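Computed from heavy atoms alone, side chains included, the values below leave out hydrogens, waters and symmetry copies. None of the values given here were measured: they were computed from a predicted structure. Each residue takes its place number in the sequence, starting with 1.
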Amino acid sequence: MELNALRQFLVVARLEHLSRAADELRVAQPSLSRTIARLEGELGTPLFDRSSRLRLNDAGRLFRTYVERALGELQAGQLAVAEATTEGLGTVRLASETFLTLTGPLALYKRDHPAVELELQWSPAEDMARRLRARDVDLCVASQPIHAEGVAGVRLFEDAVGVAVPRDHPLAGRAPVGLHEIAEYPFVTARAGHWLRRLLDQLFATRGLAPRIVCESDEHSAIADLIGAGLGIGLVPSFARRKNPRTPLVWVPVDSPDCRRTVTLCWAADGHLSTAAQLMRATITDWDWRNDQAGDNF
């Protein structure tokens, strides 16, 4: 089996769509279809169901796990050789759902290890286990623990999530507010895939509610400004109160024990971590998260 064919298979398996996979890979769709067909021929079984639309089947999911491990080990080997034969510490690749939380330890790491090149990538939590196993990244910071085979992790801190409202809003000054109360108001939030949006959807769905979303933003720093402009209310972690002290908002706690996040650092449990990545892991885990979260309201 050719390495390029295996890499192409992983893209098709992730997207479950041939034309989008061909666009991402920058290859012709007929060529990609032949590559997948050859793989299936070598394995002696289909990897996808093709009844209504392309879907990874049980054999495909099993094969994907081994391909991720194999290509991940190859990538780890390349990094280990590069680290052993070149001067300096190399590169560390960190994926996170938000980098606002990490500005302190990242600044400390860069100060202590200026020769290391940092690659910071946004990633939704559902992609992190796959990316760690495939060695696309060295470390991931997720808003909740990642329970997946081959992934190790450590809890960094727990963070209450409340609702941010303008200072003249009827909910301002309330402590706490119930989910049925906030369901009456329009929401400004992140797009689907972001942890804040997932939390909002989960909180409402478990209570048979649906949030009335009037604005979705990829610019997460703009969410507070849009709330302050009176467009709606929105969930905001307590950590953000100190990071945005001048925002004209009031942070109101929500009367729900599951309205919170557990920020977790994860890595591949059975893989080689470069010296640069090990130092990054130590910097993040040793950071004084308790004092870093201290701060007043908006």
Side-chain angles (χ1 to χ4, degrees), residues 1-17 20-21 24-25 32 35-36 39-40 42-43 45-48 54-83 90-99 102 117-156 193-195 198 262-282 284-285:
M1 294 182 182
E2 297 179 355
L3 290 176
N4 190 50
L6 296 176
R7 293 189 178 101
Q8 291 185 354
F9 161 73
L10 288 182
V11 176
V12 177
R14 170 166 54 87
L15 297 176
E16 293 186 319
H17 198 285
R20 289 205 297 266
E24 181 172 316
L25 291 164
L32 183 59
T35 297
I36 299 301
L39 270 179
E40 293 176 323
E42 291 182 59
L43 292 166
T45 185
L47 299 172
F48 297 88
L54 198 69
R55 292 285 189 185
L56 199 64
N57 61 23
D58 290 342
R61 283 188 287 272
L62 179 63
F63 186 57
R64 178 178 61 182
T65 300
Y66 285 93
V67 173
E68 287 175 343
R69 289 176 180 172
L71 295 183
E73 285 302 309
L74 178 61
Q75 175 71 4
Q78 292 172 328
L79 292 173
V81 170
E83 182 182 355
T91 301
V92 58
R93 301 159 303 167
L94 174 67
S96 180
E97 294 183 281
T98 174
F99 289 102
L102 298 169
E117 181 178 344
L118 298 182
E119 292 184 7
L120 306 179
Q121 305 172 27
W122 182 83
S123 177
E126 56 262 32
D127 289 346
M128 288 182 177
R130 174 190 60 80
R131 299 191 69 188
L132 288 170
R133 287 194 296 262
R135 306 301 190 269
D136 286 341
V137 293
D138 302 303
L139 302 165
C140 291
V141 176
S143 61
Q144 298 293 349
I146 298 176
H147 302 293
E149 182 183 357
V151 175
V154 60
R155 183 178 67 85
L156 299 177
H194 189 271
W195 75 267
R198 290 199 312 274
T262 302
V263 180
T264 306
L265 175 67
C266 301
W267 59 91
D270 56 353
H272 168 80
L273 271 184
S274 68
T275 301
Q278 292 179 44
L279 290 170
M280 173 65 81
R281 180 174 63 183
I284 293 175
T285 54

Side chain [X], main chain [Y], donor-acceptor under 3.5 Å:
X	Y	result
Arg133	Arg131	no
Arg93	Asp136	yes
Gln121	Ala95	no
Arg61	Leu56	yes

So, taking the atom named [atom1] in [X] and the one named [atom2] in [Y], what distance separates them when rounded to the nearest 0.5 Å?
X	Y	atom1	atom2	result
Leu139	Cys266	CG	SG	9.5 Å
Ile146	Thr264	CD1	OG1	7.5 Å
Leu273	Arg281	CG	CZ	5.0 Å
Met280	Trp267	CE	CH2	14.0 Å
Thr45	Phe63	OG1	CZ	11.0 Å
Asp138	Thr91	CG	OG1	9.0 Å

Original post:
Do the non-hydrogen side-chain atoms of Arg64 and Val67 ever get within less than 4.5 Å of each other?
Top reply: no
Subject >> Side chain to side chain, Val12 and Leu54, heavy atoms closer than 4.5 Å >> reply: yes
Original post:
Run the side-chain contact (heavy atoms from CB on, under 4.5 Å) check on Asp127 and Arg130 step by step: do they pass?
Top reply: CA-CA 6 Å; Asp127 289 346; Arg130 174 190 60 80; 3.9 Å; yes
Subject >> Partner set under side chain to side chain donor-acceptor pair (under 3.5 Å) for Glu97, not counting sequence neighbours >> reply: Ser143, Arg198
Subject >> Residues that Arg14 engages under side chain to side chain donor-acceptor pair (under 3.5 Å), provided they are two or more places apart >> reply: Glu24
State, to 0.1 Å, how close [X] and [Y] come at their nearest heavy-atom pair, and which atoms those are.
X	Y	value
Leu102	Thr98	CD1-O, 4.0 Å
Ala5	Leu39	O-CD1, 3.7 Å
Asn57	Ala59	OD1-N, 3.1 Å
Pro124	Gly193	CB-O, 3.6 Å
Met128	Ser123	CE-O, 3.4 Å
Arg20	His17	N-ND1, 3.3 Å

**OP:** Determine, stepwise, if the pair Leu118 / Leu94 fulfils side-chain contact (heavy atoms from CB on, under 4.5 Å).
**Re:** CA-CA 8 Å; Leu118 298 182; Leu94 174 67; over 6 Å; no
Original post:
Around Glu42, counting heavy atoms of other residues, nucleotides and ligands shown, do more than 12 lie under 6.0 Å from its CD?
Top reply: yes
